[in-house]
Amino acid sequence: MWIFLNNAFLSIVDKGGDGNTLLVRARHTGDIERSFPDADVQIGGGTDYRYRAQIDREQVAQALADSVRSIDYARLCKFQKYGT
């Protein structure tokens, strides 16, 4: 799932395992930490997503729900272009 936030772009997938964690990936430094400050972010991996972290599925769901609840703008274009 691709998630476009006003301050980050994340790719979230289930890469197997016990079903309790999701792999959160990002292309830009800091994107994961903005939504998951305590994440153990790994750098590299030889893929198109340089940054990645295994995060508890419920924590991911809660962070995304919190992002939706905190929307306080009428138009998204009030934000600068992402990455600038």
Requested in this report: Among residues two or more places apart or on two chains, list those pairs meeting salt bridge (charged side-chain N to carboxylate O under 4.0 Å, His left out) that have a residue in residues 36-53.
Outcome: R27-D48
Any link between [X] and [Y] through a network of hydrophobic side chains (Ile, Leu, Val, Met, Phe, Trp, Tyr) touching at under 4.5 Å?
X: V68; Y: F36; answer: no
X: L64; Y: I32; answer: yes
X: Y49; Y: F4; answer: yes
X: M1; Y: L23; answer: no
X: V41; Y: V24; answer: yes

Query - Evaluation steps, side chain to side chain contact (heavy atoms under 4.5 Å, CB included), between W2 and L10 - result: CA-CA 6 Å; W2 284 344; L10 304 171; over 6 Å; no
Any chance you could measure [X], atom [atom1], to [Y], atom [atom2], to the nearest 0.5 Å?
X: I3; Y: I12; atom1: CD1; atom2: CD1; result: 5.0 Å
X: N20; Y: Q59; atom1: CG; atom2: CD; result: 12.5 Å
X: R57; Y: D18; atom1: CZ; atom2: CG; result: 9.0 Å
X: S70; Y: L5; atom1: OG; atom2: CG; result: 9.0 Å
X: I71; Y: N6; atom1: CD1; atom2: CG; result: 8.5 Å
X: Q62; Y: I55; atom1: CD; atom2: CD1; result: 13.5 Å

Report task. Please answer whether the main-chain N or O of A26 pairs with a side-chain N or O of D31 as donor and acceptor at a distance below 3.5 Å. Result -> no
Query raised in the report: Is there a donor-acceptor contact under 3.5 Å from the side chain of S67 to the main chain of A63?
Result: yes
Query raised in the report: For the side chain to side chain donor-acceptor pair (under 3.5 Å) test, which of K15, E58, Q54 pairs with T21?
Result: Q54
